[in-house]
Structure formats: structure tokens, C-alpha cells
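Worksheet: the structure to be examined is printed underneath.
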Amino acid sequence: MAYWLIKSEPYKWSWDMHVKKGVQGWDGVRNYQASNNMKAMKIGDEAFFYHSNEGKEIVGIVEVVKLYHPDPTDEKGRFGMVSFKAIRPLKKFVTLEQIKATPALSGMALLKQSRLSVSPVTQAEWDCILSLSH
DNA sequence: GCCAACGTTGGC
DNA sequence: GCCAACGTTGGC
């Protein structure tokens, strides 16, 4: 069981939209590193849902319900996507500011590669963020 | 709205 | 296969 973090700009695709829809294919990723991270995902893996630009905070948790498959929005057929189901919102959102201020989270890919939209999260980081969300 | 970081494209 | 030019992301 692995953990991940996925980013979305809330005015394009927000947590609320995802909750309303239930399951959503994570289309539109056009970056090989992000794409490779999705390839490595397994059914049941969980991911934090992060709002970039507006909010800049982790707002909820989703679960992988469909493995890497072709992304219909990619005309060239080069990129794929996984599908995520919304599981639950965090009681308290965990902001980028908090993450930066927490030494245990200083190694997160979110901070080191700010432009990477799908990144891995370690068990320790996952637990730490969950503890901040209570 | 600016701009740094960085990934991608395309000419050579 | 290199690398300059260009485009995009995302924090500030």
C-alpha cells in the first residue's frame, strides 16, 4: 500500500467537484514523471488531494479505483491516467505553510519539486500530515 | 501579475 | 544528441 499526493487547481477541478462526481479519471497530466507515478499506483493506494494556486492546502483523501489506462483527452495517446474515488475530507486542511514549517515534512516532493502534479508520499509523511489534520 | 524553476520542442 | 528557445506551473 503506497501513498501519493495529487494536485489540482480548484477552479479547474476542485475537491467539491470530485466529491459530487465520486470517481474521476485524473486526465490532463502531460508530464512523464507524474505519469510514471500514476503507472506505479495500485488499487487501494491512497492520495492526498491538494489545491494549488488557490488554497494551497491538502483538503481530502482519495483512493485509486482504476489502474493506469489511456487518457481520452490526449490525442497523441502518449499519456494515461488512473481513476480516483473521493474518500473523505480532512477535518482540518493542512496548508503548504504548515508543511513548510514542519521539519519532518521538509523532504516532501511537494516542496522540492513544486511543479510536479503527482508525487509520492512516504508512510511517515502521510502519518504526520494526518496528525496535523485532526 | 511577476518570475523562478523546469519540462518540452525542434533546429542543427 | 545537444542545447537554445519557448511554454507552463505555481508560489509569492
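Per chain, numbering begins at 1; letters A, B, ... match sequence-line order. Only this structure's heavy atoms are used, side chains among them; waters, hydrogens and symmetry mates stay out.
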By a strict heavy-atom criterion of less than 4.0 Å, which residues belonging to residues 93-108 of chain A are in contact with DNA chain B? none
Does either side chain, that of A/R115 or that of A/S52, offer a donor lying less than 3.5 Å from an acceptor on the other one? no
Do A/N37 and A/W4 get their side chains close enough for a donor-acceptor pair, meaning under 3.5 Å? no
Examine the side chains of A/S14 and A/D16 and answer whether a donor and an acceptor come within less than 3.5 Å of each other. no
Are A/Q98 and A/E57 linked by a side-chain donor-acceptor pair shorter than 3.5 Å? no
A side-chain contact here means heavy atoms from C-beta on lying under 4.5 Å apart; do A/L105 and A/L110 qualify? no
Reckon A/N31 touches a base, only the sugar-phosphate, or nothing at all at heavy-atom distances under 4.0 Å? sugar-phosphate
Does A/S8 have any side-chain contact (heavy atoms from CB on, under 4.5 Å) partners at least two apart in sequence or in another chain, and if so, which? A/W13, A/W26, A/F49
With a strict under 4.0 Å distance from non-hydrogen atoms of chain A, what nucleotide opens and what nucleotide closes the contacted stretch of DNA chain B, reading 5' to 3'? B/dA5 to B/dT9
Check whether any side-chain heavy atom of A/F48 sits under 4.5 Å from a side-chain heavy atom of A/V94, and report yes or no. no
Side-chain heavy atoms of A/I58 within contact of A/L132, under 4.5 Å: no
